Amino acid sequence: MPLMRTLVVNPGSSSLKLSVLHGEQTVAATLVERWEGAGHLEPLVEFLDGVGAVEAIGHRVVHGGPRFTAATRIDADVVAYLDSITDLAPLHNPRSVAAIEATDELLPGVPAVASFDTSFHAGLPAAAATYALPREWNQRFGLRRYGFHGLSHAHAVRRAAQLVGRPLEQVRVVSAHLGAGASLCAVREGRSVDTTMGFTPLEGLVMRTRSGSVDPGLLTWLLMHGGLDVKTLNAALEFESGLKGLSGTSGDLRDVLTARASGQPDAVLAFGVFIHRLVCEVGAMAVAAGGLDLLVFTGGMGEHSPDLRAAAADRLGFLGVALEPTLNAAPSGDADISAVGAVARTVVIAANEEAEIARQTREVLGAEPT
C-alpha cells in the first residue's frame with residue numbers, strides 16, 4: 001500500500017480539524033475552533049496554502065447509515081446519500097457534507113474518501129446489533145445498534161496489539177474511548193463484536209453531559225407524568241446530564257475530580273456512578289470478547305486521568321487487570337501500564353482518528369484499478 005500525502009478533514013459539531021499525513025505520520029495540523037460550515041472556506045485556504053500539494057483527501061463522517069459498512073470513494077451519489085440520512089446524525093453529518101463540498105471546490109480532481117465512525121461496528125453479530133423491538137419496526141426504520149467512535153477504536157486496538165507484540169487477531173480486547181463522548185468496544189479476532197453506543201451516541205456509558213443508558217420506562221414516565229416535552233427531554237439527556245448533571249460542575253472530569261477531592265458529595269457520587277457503569281460495561285464487553293487479554297484506554301479522559309484508570313482497575317482485578325502505579329501516573333505516549341505478572345495487559349493509546357482515516361483512504365484508493 002503506497003504512502004501518500006493525505007489531507008484529513010475531521011469536522012466536529014462546531015470545530016474543524018485539518019491535518020496532512022504522510023503515511024500515518026502527521027506533518028501539519030490545525031484546529032479551527034469555530035467553523036461555520038458551508039461557504040466558510042478561509043480557514044481551509046489558509047491551511048492548504050502552507051502545506052503544499054496533497055494526493056488524497058480523507059473525510060471523517062460520523063454516520064454511514066445502513067448503506068456504508070466500509071470506507072468509500074466519494075462521488076455525487078455518496079454525498080446525496082449522506083444528505084438523506086441527516087436525521088441519524090443531525091449535528092455531524094451535515095458538517096461532513098459541507099467539508100466534502102468545500103474541499104472539492106478548493107481541490108478539484110483530488111480523490112476523496114469517506115471514513116465512517118459506524119463502519120467498524122457494521123459487522124456486529126445479529127444478536128449484539130438487534131434491539132428487542134417489534135421486528136416490523138426494526139425492518140421499517142432500520143433500527144439497530146450502529147455504534148460510534150469506530151475510527152478511534154480501530155486505531156487504538158491495532159496500535160495496542162503492536163505495543164504488546166501480539167497479532168490483533170489473537171487477542172481479546174476491550175477498548176475504552178473515554179472523552180466527552182465515551183464508548184467501549186469488544187474486539188475478537190480483530191473485529192468489533194459488541195459496543196456500548198447504539199442507534200444513537202446517547203446509549204451506554206455515563207459521559208460528560210450525556211446520560212448514557214437510562215430505563216426507557218423512566219423516560220416515558222417523564223413525558224407522560226413529569227410535564228416534560230420531547231424537545232426538553234432530549235436536550236437534557238444530551239447536554240445537562242452525565243457528569244455535569246450529577247456533579248453540578250462543567251462535567252469536565254478534571255473539575256469533577258477537583259470537587260471530589262474537596263469532599264463535595266455530588267462530585268463524589270458522580271465519579272462513583274461513572275466508574276460503576278464503566279466497570280460493569282467492561283465486564284460485559286469482556287464476555288462478548290470471550291475473555292480479556294488487553295484493556296485499552298484512549299480518548300481525553302482515558303489518556304490523561306490516572307485516577308480514572310486506577311479506580312477502574314481496582315474493580316477489574318477479577319479479570320486479571322492490575323496496573324503499575326508509577327507507569328499509570330505518567331504514561332509517555334502509547335504505553336503499557338500493566339503491573340508485572342498481570343494476566344490482562346493494560347495500555348494507554350493516544351487517540352489518532354486521523355491516522356486511521358489516512359490508512360483507510362490509502363486502502364480504498366490503492367485498491368482501485370490504475
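Predicted, not measured: the structure shown is a model, and the values here were computed from it.
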Checking S96 against N93: is there a side-chain donor and acceptor pair closer than 3.5 Å? no

Check E238 with R210, please: is the shortest side-chain N to carboxylate O separation under 4.0 Å? yes

Decide if atom CD of E33 counts as having more than 12 heavy atoms of other residues, nucleotides or ligands within a radius under 6.0 Å. no

Between F297 and L178 the two heavy atoms that sit nearest each other are CD2-CD1, 4.0 Å

Under-4.0 Å salt bridge between E354 and K17: yes

Quick one: do V282 and V273 end up in the same hydrophobic cluster if we chain Ile, Leu, Val, Met, Phe, Trp and Tyr together by side-chain heavy atoms under 4.5 Å apart? yes

Which pair of non-hydrogen atoms, one from D336 and one from L327, has the smallest distance, and what is that distance? O-CD1, 3.6 Å

Using only atom types and a distance under 3.5 Å, with no angle test, would you say the side chain of T298 pairs donor to acceptor with the backbone of I349? yes

Look at E356 together with R158 and state whether they make a salt bridge at an N to O cut-off of under 4.0 Å. yes

Taking L16's backbone N and O only, do any of them form a donor-acceptor pair with R34's side chain (distance below 3.5 Å, no angle check)? no

Should L3 and V54 be counted in the same cluster of Ile, Leu, Val, Met, Phe, Trp and Tyr side chains packed under 4.5 Å apart? no

side-chain hydrogen bond (donor to acceptor under 3.5 Å, both in side chains) against H276, all qualifying residues, sequence neighbours excluded: R315

What I want to check is whether the side chains of H153 and S183 have a donor and an acceptor closer together than 3.5 Å. yes

Relative to Y146, does R144 satisfy both conditions: NZ or CZ under 6.0 angstrom from the six-membered ring centre, and within 45 degrees of the ring's axis? yes

Apply side-chain hydrogen bond (donor to acceptor under 3.5 Å, both in side chains) to the pair D255 and S250, showing each step before the final yes or no. CA-CA 7 Å; D255 295 337; S250 68; 2.5 Å; yes

Hey, do the aromatic rings of F148 and H63 have their centres closer than 6.0 Å? yes

Looking at every heavy atom in both F116 and G64, which two are closest together, and how far apart are they? CD2-CA, 3.5 Å

Kindly indicate, with the supporting measurements, whether the criterion side chain to side chain contact (heavy atoms under 4.5 Å, CB included) is fulfilled by V79 and E101. CA-CA 9 Å; V79 174; E101 292 174 342; 4.1 Å; yes

Under 3.5 Å donor-acceptor, R362 side chain and G23 backbone: yes

D252 with R254: basic N within carboxylate O range, under 4.0 Å: yes

With the threshold set at 4.0 Å, does a side-chain nitrogen-carboxylate oxygen contact exist between D194 and R188? no

Whether the side chain of R145 engages the backbone of A128 through a donor-acceptor N/O pair (distance < 3.5 Å, no angle test) should be reported. yes

